[in-house]
Amino acid sequence: MCTSHPACSTSLLSCWHLVFKCEWIFSCPVDSHRTFSPALSREKDLDEVLQTHSVFVNVSKGQVAKKEDLISAFGTDDQTEICKQILTKGEVQVSDKERHTQLEQMFRDIATIVADKCVNPETKRPYTVILIERAMKDIHYSVKPNKSTKQQALEVIKQLKEKMKIERAHMRLRFLLPVNEGKKLKEKLKPLMKVVESEDYSQQLEIVCLIDPGCFREIDELIKKETKGKGSLEVLSLKDVEEGDEKFE
């Protein structure tokens with residue numbers, strides 16, 4: 001394999017074009033860490049994605065595409081513009097070894113997100129990444145390369161709930177609501193609050209509570225709408241957790 005060119009030994013995005021009279025493949029080498037990213041073609045800074053702006057017919061041999069072939073296929077010889085087209089329309093080509101390595105990394109990243117977001121609801125203690133990885137293997141979770149790790153982490157949490165005691169760590173919030181609107185608004189907020197820790201009526205209604213993070217946006221919009229901007233919401237803690245890591249018995 002050629003190693004003299006910086007594009008060699010990389011992942012490729014290759015694009016077959018129906019306008020060709022002969023079957024050519026044009027390729028642009030990309031950062032292997034971004035190969036599976038769904039947002040790859042939407043990346044604004046191409047230098048964050050491409051390892052070079054050159055277009056190849058054979059990357060492993062460092063064989064650059066000829067100008068006349070590019071014009072025939074793309075209507076231009078502007079290689080940066082051609083790279084954009086390949087990123088948008090191309091399909092990923094990676095070696096089996098590299099694909100396996102990237103899937104393993106995604107598996108670890110998903111487990112890390114789950115461990116960071118979740119606790120045992122009975123003890124409020126977080127699970128370790130190693131324990132979450134083991135649990136994911138127990139449910140035979142299969143990584144989806146074209147989905148973001150955050151999306152998959154939420155899917156994993158749902159699946160793990162069927163097998164173990166796990167839930168997203170609650171957020172602790174403080175509401176300051178005008179008294180007149182507060183009593184009525186409190187009834188609308190009740191279904192969205194997991195635990196009301198304190199409640200104080202004075203010049204304003206002050207409520208400190210725990211919520212599921214997934215309800216935060218709905219609560220924020222409800223308070224803004226019902227109080228016409230007079231009420232406020234403050235995040236006291238992103239995660240309500242106890243010290244120490246959770247362990248399986």
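Other residues, nucleotides and ligands contribute over 12 non-hydrogen atoms within 6.0 Å of the CG atom of L236. Heavy atoms of other residues, nucleotides or ligands lying less than 6.0 angstrom from CD of E218 number 12 at most. Around CD of Q203, the count of heavy atoms belonging to other residues, nucleotides or ligands within 6.0 Å does not exceed 12.
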| message | Set out, in order, the CA-CA distance, both residues' side-chain angles and the distance that settles side-chain contact (heavy atoms from CB on, under 4.5 Å) for K144 and Q151, then state yes or no. | response | CA-CA 10 Å; K144 302 170 184 65; Q151 284 179 313; over 6 Å; no
| said: Using the rule given for side-chain contact (heavy atoms from CB on, under 4.5 Å), can you reason through E181 versus E226, listing the C-alpha separation, both sets of side-chain angles and the distance that settles it, and then say yes or no? | reply: CA-CA 7 Å; E181 294 92 341; E226 295 293 326; 5.8 Å; no
| said: The test is side-chain contact (heavy atoms from CB on, under 4.5 Å); show your working for V129 and R108 and say whether it passes. | reply: CA-CA 8 Å; V129 174; R108 283 192 293 271; 5.9 Å; no
| message | side-chain contact (heavy atoms from CB on, under 4.5 Å), that's the test. Do Y127 and I166 meet it? Break it down for me. | response | CA-CA 9 Å; Y127 289 103; I166 188 171; 4.0 Å; yes
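Here L238 is tied into one hydrophobic group with M171, L173, F175, L177, L185, L189, L192, M193, V196, Y201, L205, I207, I211, F216, I219, L222, I223, L233, V235, each link being a pair of ILVMFWY side chains closer than 4.5 Å.
Contact annotation: the side chain of E206 approaches that of V208 to within less than 4.5 Å [non-hydrogen atoms, C-beta and beyond].
Under 4.0 Å is where a charged nitrogen must lie from a carboxylate oxygen, and between K224 and E221 no such pair does.
Residues P126 and A115 come closest through the heavy atom pair CB-O, 4.4 Å. Residue I157 comes nearest to C118 through the heavy atom pair CD1-SG, 3.4 Å, listed as atom of the first residue, atom of the second, then distance.
Interatomic distance, NZ of K124 versus CD of E167, reported as 5.5 Å (0.5 Å rounding). With values rounded to the nearest 0.5 angstrom, T227 atom OG1 is found 12.5 Å from K184 atom NZ. Going from atom CD of Q204 over to atom NZ of K230 covers 11.5 Å, rounded to the nearest 0.5 Å.
By the criterion of side-chain heavy atoms lying less than 4.5 angstrom apart, applied directly or through intervening Ile, Leu, Val, Met, Phe, Trp or Tyr residues, F107 is not grouped with I113; the two fall into different hydrophobic clusters.
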